Amino acid sequence: MVHWSAEEKQLIASVWGKVNVEECGAEALARLLIVYPWTQRFFDNFGNLSSPTAIIGNPKVRAHGKKVLTSFGEAIKNLDNLKVTYSKLSELHCDKLHVDPENFRLLGDILVIVLASHFGRDFTPACQFAWQKLVGVVAHALARKYH
Amino acid sequence: MVLSASDKTNVKGVFSKIGSHAEEYGAETLERMFHAYPQTKTYFPHFDMGKGSAQIKGHGKKVAAALVEAANHIDDIAGALSKLSDLHAQKLRVDPVNFKLLGHCFLVVVASHNPAVLTPEVHASLDKFLCAVGTVLTAKYR
């Protein structure tokens, strides 16, 4: 069971409160597909992913990015109960989606970079620490039901 | 992983925009890395880890200089960093996983100071470049 200090929770909440989930989610997923092109393997039915411009403008990428980050929001609301919160999602990613958990780590790091670019100096080292912990814990919870 | 012509252009562009801030970015990269990944501090037991530490500033300057050197000799990173590669293999022996952590924190620093510079394409090129640097520095480990 992961322990969250009051400060960590506050740092996470204060950033999250200012995040535009749709924009941020779209940007994070687009960057994942651009920076680590092999991650496109999961999105054959997304249409045109042939260039960074195509990926950024792709409506399916935007929609899916929003979905993924919205789910992150659930994690933030349930920091003390992530295992249960993500149990079904973990099974889904293993049994139906067949996603290598390494991809969760890649997306988590991309999200941190996107947050840094949006919040600049406000995304302090302490903030980054809390968010690296969060993305790590989310990745772990998503991988937990793999078999 | 091969750096394309546009990767090289993108990387050189980043460092030219960063300019003289490189040293400051180097220090902040280390500060963030030590903070986000405390296990990385184990390589610096003799360091003052407090805010504004002269040792972190000094070491950040060295790290930045190496990255700038690699960018300036991007067609032959292995040649440019050969001595550093020997040093890491024979003396420092920093576990390879840590170069990824450092690279990631450098991207965070660039993103936080220059969001407009770090377009997705440039982000991809810079990430590849940082991987290449890490690979060179660990190439002689075994």
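Just so you know, these numbers use all the heavy atoms, side chains as well, and skip hydrogens, waters and symmetry mates. Below, read A as the first sequence line, B as the second, and so on, with proteins coming before strands; counting in each chain starts at 1. This one's a predicted model, so the numbers in the text were calculated from it and none came from an experiment.
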How would you list, in number order, the residues of [range] that have a heavy atom less than 4.5 Å from chain A?
range: residues 22-53 of chain B; answer: E31(B), R32(B), H35(B), A36(B), Y37(B), P38(B)
range: residues 57-96 of chain B; answer: none
range: residues 99-121 of chain B; answer: H104(B), C105(B), L107(B), V108(B), A111(B), S112(B), H113(B), P115(B), L118(B), T119(B), P120(B), E121(B)

Taking only residues two or more places apart in sequence or in another chain, which ones pass ring pair (Phe, Tyr, Trp, His ring centres under 6.0 Å) with F43(A)?
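F43(A): ring pair (Phe, Tyr, Trp, His ring centres under 6.0 Å) contacts with F46(A), H64(A).
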[atom1]/[X] to [atom2]/[Y] distance, rounded to the nearest 0.5 angstrom?
X: K67(A); Y: K60(A); atom1: NZ; atom2: NZ; answer: 12.0 Å
X: L134(A); Y: Q132(A); atom1: CG; atom2: CD; answer: 10.0 Å
X: L107(A); Y: T39(A); atom1: CG; atom2: OG1; answer: 9.0 Å

Would you say the side-chain atoms of H118(A) and N20(A) include a donor-acceptor pair closer than 3.5 Å?
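On atom types as modelled, these side chains do not qualify, holding no pair under 3.5 Å.
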Main-chain N/O of [Y] paired with [X] side-chain donor or acceptor, under 3.5 Å:
X: N58(A); Y: A54(A); answer: no
X: T138(B); Y: Y141(B); answer: no
X: K128(B); Y: V2(B); answer: yes

Stepwise side-chain contact (heavy atoms from CB on, under 4.5 Å) test for L126(B) and N10(B)
CA-CA 7 Å; L126(B) 196 53; N10(B) 286 340; over 6 Å; no
Please look at [X] and chain B and tell me whether the side chain, the backbone, both or neither of the residue comes under 4.5 angstrom of a heavy atom of that chain.
X: A30(A); value: neither
X: S51(A); value: neither
X: F119(A); value: neither
X: L115(A); value: neither

Is it possible for you to say whether Y86(A) and I12(A) belong to one hydrophobic cluster, with membership spreading through side-chain heavy-atom contacts below 4.5 Å?
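Yes, Y86(A) and I12(A) fall within the same hydrophobic cluster.
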Does W4(A) have K133(A) sitting over its ring (NZ/CZ under 6.0 Å from centre, angle to axis within 45°)?
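K133(A) over W4(A) ring: yes.
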Please test S5(A) against K9(A) for side-chain contact (heavy atoms from CB on, under 4.5 Å), starting from the C-alpha separation and ending with a verdict.
CA-CA 6 Å; S5(A) 72; K9(A) 286 188 178 182; over 6 Å; no
Between G120(A), A130(A), P37(A), which residue shows the highest count of heavy-atom pairs closer than 4.5 Å to chain B?
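The option with the most such pairs is G120(A).
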As an exercise: rank D109(A), V114(A), I34(A) by heavy-atom pairs under 4.5 Å with chain B and give me the winner.
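Most heavy-atom pairs under 4.5 Å with chain B: D109(A).
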Do F104(A) and H140(A) make the cut of ring centroids closer than 6.0 angstrom?
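No: the rings miss the under 6.0 Å criterion.
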With a sphere of 6.0 Å drawn around NZ of K66(A), does it hold more than 12 non-hydrogen atoms of other residues, nucleotides or ligands?
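Check fails, neighbour count at 12 or below.
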Are there more than 12 heavy atoms of other residues, nucleotides or ligands under 6.0 Å from atom NZ of K83(A)?
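Counting neighbours around NZ of K83(A), 12 or fewer heavy atoms of other residues, nucleotides or ligands fall under 6.0 Å, so no.
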Could you walk me through whether C94(A) and H147(A) pass the side-chain contact (heavy atoms from CB on, under 4.5 Å) test, one step at a time?
CA-CA 8 Å; C94(A) 173; H147(A) 58 96; 3.9 Å; yes
